[in-house]
There are 2 protein chains.
Amino acid sequence: MSVTLHDVARVAGVSIKTVSNVINAYPHIRPATKERVEAAIAELGYTPNLTARSLRSGRSGAIALAVPDLGLAYFAELAASVIEAAEAAGLVVLVEQTGGDRERELELLRSPRLKMTDGLIFSALGMSEADVASLSVGFPLVLLGERIFGGPTDHVTMRNVEAARAATEYLISSGRRRIAVVGAHEGEVVGSAALRMQGYLEALEAHGIAYDDSLIGYTTLWHRSNGARSMTELLEREVPFDAVFGLNDTLALGAMRVLQVSGRRVPEDVAVMGFDDLDEAGYSIPSLTTVDPGRAWIAKTAVATLVERIAGGDVVGPPRLRLADFRIAERESAALAVAR
Amino acid sequence: MSVTLHDVARVAGVSIKTVSNVINAYPHIRPATKERVEAAIAELGYTPNLTARSLRSGRSGAIALAVPDLGLAYFAELAASVIEAAEAAGLVVLVEQTGGDRERELELLRSPRLKMTDGLIFSALGMSEADVASLSVGFPLVLLGERIFGGPTDHVTMRNVEAARAATEYLISSGRRRIAVVGAHEGEVVGSAALRMQGYLEALEAHGIAYDDSLIGYTTLWHRSNGARSMTELLEREVPFDAVFGLNDTLALGAMRVLQVSGRRVPEDVAVMGFDDLDEAGYSIPSLTTVDPGRAWIAKTAVATLVERIAGGDVVGPPRLRLADFRIAERESAALAVAR
DNA sequence: CGGGTACTCTACAACGTTGTAGTCGAGGGA
DNA sequence: TCCCTCGACTACAACGTTGTAGAGTACCCG
C-alpha cells in the first residue's frame with residue numbers, strides 16, 4: 001500500500017538504515033549516496049510512517065487538549081491559542097470535549113483514548129478538590145482552570161481573585177456603589193465563580209461598601225441565556241443598581257442585552273463589566289469593558305510546561321503553579337467618565 | 001516504564017498472545033485462565049499501547065480536522081459538532097488550523113503531520129479550483145466548504161446558492177427592495193461569497209429588482225470588524241437601503257452595530273439578515289434572523305462519509321457530493337411585520 | 001609501514017501489538 | 001482402537017522505524 005523505507009532502500013540500492021540515516025540527517029553519508037536516496041524518496045513519494053516512528057521512539061508528537069465545549073467562545077479561543085502554541089513547538093493537538101461533566105472528565109483521565117499522545121492539557125470544569133487523586137495519572141498532565149488547586153500536577157491559570165477585585169474596583173472608581181453580579185454559583189466554594197466572587201467581596205470590603213445579597217444573580221451555567229435570565233430576575237427584584245459585573249463575558253453580554261431592552265442606558269445608567277476578553281467583547285454595543293485574563297499567555301505556558309514535563313522524563317520536579325498577568329480591557333460599557 | 005502485555009503475561013503465567021486474546025475477547029479461553037489474566041491486568045493497571053496497536057492494524061482511531069481558525073465562531077461550532085460526531089463513532093479528532101492560507105492548506109495536504117490519522121476532514125478556505133489536483137492524496141479525505149467543486153474527493157457542504165436566494169426572498173417578501181450586501185469578495189467566482197452573491201442575484205432577478213453595485217460592500221475577510229467597516233462605507237455613500245444581507249452572521253452583527261450607532265432602527269428602518277445561525281445569533285440585540293445552513297448535519301455526515309471511506313479500503317466509489325438542507329431561522333432583525 | 005581513527009555503510013534487534021500457524025490433549029464417531 | 005475435530009494455548013513473524021554494534025575501507029600520524 002504505502003511506501004516504506006524498504007521500498008526506498010531497494011530503489012536506491014542501499015540498506016534501510018542508510019535511508020533512515022539520510023532522513024534523520026546523520027552526518028556521515030557520502031554525498032553521492034545521499035543524492036541517490038533522496039532521488040528515490042522523491043521518485044516514490046515516500047513519507048515516514050509516524051506511527052512506527054512513534055512506537056520506536058516512545059514519542060508521538062501529539063498532545064491532547066480536553067475542554068468542556070468548543071461551542072463556548074472562551075474555550076474555542078483557548079483551543080485556538082493552544083493549537084497555535086503547540087504547532088510552534090512542533091506538536092499536533094487532539095481535542096476532546098468533556099461537556100464539563102465530572103464523570104466524563106474522570107473517564108477521560110482513566111481511558112486509554114489518549115494513550116497515543118505524549119501528554120494532556122486538561123481544562124476541568126466538573127471535577128472538584130475531592131477528585132484530586134484522579135489527577136495522579138501516568139502521563140504528563142498540565143491542569144488549567146480553577147476547580148482544583150494544590151493537586152499533584154502542574155497548573156497554569158489566571159489570577160481570578162485579584163482580577164475580579166481589580167474589575168470591581170474599576171467600577172467603584174467610576175463612582176458605582178450598587179454593583180450587581182451575574183453568574184454566581186450558589187454555595188460553591190471552588191471554581192471560577194467562587195474565586196471571582198471572592199475578588200468582588202474583597203473590593204467591596206476595601207471600599208467600605210456593604211455586601212447585598214439581593215444584588216447577586218445566581219446561575220448554573222455561564223451561557224448567554226443564563227446572563228439574560230439572571231438579569232431579568234434582578235430587574236424584577238426592583239433593587240436599584242448602577243453596575244453589573246458579569247462573571248464572564250458571555251454572561252455580561254446576555255445581561256447587557258436585557259438591560260438595554262428594559263430601557264437602561266449602558267454605561268450611563270448601568271455600567272457593565274465582563275471577564276475573559278473574548279474577541280466579541282470589542283464588537284458588542286456598546287463594546288464591553290472586561291478583564292483580559294491572559295489567555296494567550298496561559299495557552300503558551302501550558303504547552304511549554306507540558307513540553308518540559310515530556311522532555312523531563314524521570315526528572316520530576318514538584319508540581320508548579322503558574323499564574324498569568326491580567327489587565328482591564330477598557331471599553332465603552334463601563335467608561336470611567338460618562339454623562340449620567 | 002509502562003506496563004505491557006509481557007508484564008501481564010508473566011504475572012498471569014501465560015503467553016502474551018493469550019493476554020492479547022483475553023483483551024480482544026477471543027472466545028476459546030478457559031474461564032480460569034481468563035480470570036487470572038484479568039486479575040493480572042487489574043493488578044498491574046495495564047492499558048494497551050495504542051501506538052503499537054495502530055502500527056500493527058494500520059488504523060489509529062484518530063481523524064484530523066483542518067479548519068481555518070477556531071477563533072471564528074462558525075468553525076468553532078463546526079469543530080464542536082465534528083468532535084461530537086467522531087466520538088460517537090469511536091474516533092478522536094486532531095485539530096489543525098490553517099489560517100485560511102492557501103500555502104498552509106497545501107502544505108498540510110503534503111506534510112506527514114497527519115500520517116498518524118486515518119483520514120482528514122478538510123475545510124479549505126484559501127485553495128481554489130486550480131489546486132484541485134492537490135486533493136488527490138493517498139488517504140481518505142472529505143472536503144468541506146465551497147472553494148472547490150467537482151474535485152476527486154467526497155464533499156459535504158451546504159446549499160449556498162439556494163439558501164442565499166431564500167434569505168434574500170425572505171427580505172423581499174417583507175417589502176424590502178433596496179437590499180445591501182456586506183461581505184462580497186471582489187471579482188471572486190468561487191467560494192461562499194460568490195455563491196451567496198449568486199443566490200442574492202437570482203432572488204433580485206426573480207422579483208424584477210435591478211442590481212445596484214453601490215449597495216454591495218466588499219471585504220477581504222469575514223470578521224466582525226470587516227462587517228462594521230463595510231457598513232460604515234455603505235452609509236458614507238449615502239445610497240438608501242432598507243435591508244442588509246450579511247454573507248455571514250459575524251459580518252451581519254458587525255454591520256448591525258454600525259447601523260444602530262448611526263441611529264437606524266433594526267428592523268424598522270433596516271432589516272438585517274445573516275447566514276450561519278451561530279449560537280450568538282439568538283442573543284444579539286435585536287436577535288439575528290439568519291440562515292441555518294445545517295451545520296450539525298454537515299458535521300455528522302462528514303464523519304460518516306469519512307468512516308465509510310476508511311472502512312472501504314480499496315473499494316473506492318466515485319466522489320460523492322452531499323448537501324445539507326437549510327432553513328431560515330426567523331428572529332427579530334428581519335421580522336416580517338414591523339411598524340415602519 | 002603499522003596502528004589507530006574517522007568515515008560510510010550494514011545487520012540485527014527492539015518498540016508493543018496481533019495474525020498465522022502451529023502444538024497438544026480431550027472427546028466423539030466409526 | 002484410530003482418526004478427526006475442536007478447544008486452549010503458544011511460538012513466531014510482522015507492522016515500519018531507529019539504536020546499537022560492528023564491518024570494511026581510507027586516511028593520517030609517527
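Side chains are part of it too, since the values below use all heavy atoms of this structure and drop only hydrogens, waters and symmetry mates. All chains are named by letter (A, B, ...) in the order of the sequence lines, taking the proteins before the strands, and each is independently numbered beginning at 1. Everything numeric in this text was worked out from a predicted model, so none of it was measured.
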Task: For A/R147, all residues meeting salt bridge (Lys or Arg N to Asp or Glu O under 4.0 Å), sequence neighbours excluded - done: A/E188
TODO: Considering only NZ, NE, NH1 and NH2 on the basic side and carboxylate oxygens on the acidic side, decide whether A/R322 and A/E308 come within less than 4.0 Å.
DONE: yes
Open item on the list: Going by the rule ring pair (Phe, Tyr, Trp, His ring centres under 6.0 Å), which residues pair with A/F139 if we only count those two or more places apart in sequence or in a different chain?
Closed with: none
Task: the helix from C/dC1-D/dG30 to C/dA30-D/dT1: angle between end helix axes, five pairs per end, rounded to 10 degrees - done: 50°
Task: First of A/H28 and A/S15 reached from the 5' end of DNA chain C, by closest nucleotide - done: A/H28
Identify all side-chain donor-acceptor contacts of residues 24-43 of chain B below 3.5 Å with residues at least two apart in sequence or on another chain.
from: B/N24; atom 1: ND2; to: B/S20; atom 2: O; distance (Å): 2.7
from: B/N24; atom 1: ND2; to: B/S20; atom 2: OG; distance (Å): 3.4
from: B/R36; atom 1: NH1; to: B/A12; atom 2: O; distance (Å): 2.6

Open item on the list: Base, sugar-phosphate or nothing for A/T4? Non-hydrogen atoms, less than 4.0 Å.
Closed with: sugar-phosphate
TODO: Output all residues satisfying side-chain contact (heavy atoms from CB on, under 4.5 Å) with A/S136, sequence neighbours left out; order by chain, then residue number.
DONE: A/P152
N/O-N/O pairs, protein side and nucleotides 21-25 of chain C side, under 3.5 Å:
none

Open item on the list: Under the rule for side-chain contact (heavy atoms from CB on, under 4.5 Å), what residues qualify as partners of B/P48, not counting sequence neighbours?
Closed with: B/Y46, B/R53
Open item on the list: Restricting to salt bridge (Lys or Arg N to Asp or Glu O under 4.0 Å), what partner residues turn up for B/D7, sequence neighbours left out?
Closed with: B/R10
TODO: Please list, chain by chain and in numerical order, all residues satisfying salt bridge (Lys or Arg N to Asp or Glu O under 4.0 Å) with B/E105, sequence neighbours excluded.
DONE: none
TODO: Would you mind telling me which of D/dC9, C/dT18, D/dG16 lies closest to the side-chain atoms of B/I16?
DONE: C/dT18
- [ ] With sequence neighbours left out, write down each residue that passes side-chain contact (heavy atoms from CB on, under 4.5 Å) with B/L323, or none if nothing qualifies.
- [x] B/T157, B/R159, B/L321
Task: Residues in salt bridge (Lys or Arg N to Asp or Glu O under 4.0 Å) contact with B/D101, at least two apart in sequence or another chain - done: none
- [ ] Answer yes or no: does a side-chain N or O of A/N21 lie under 4.0 Å from OP1 or OP2 of C/dT8?
- [x] no
Open item on the list: Can you list, in residue-number order, the parts of residues 30-58 of chain A that come under 4.0 Å of DNA chain D, counting heavy atoms only?
Closed with: A/Y46, A/P48, A/N49, A/A52, A/R53, A/R56
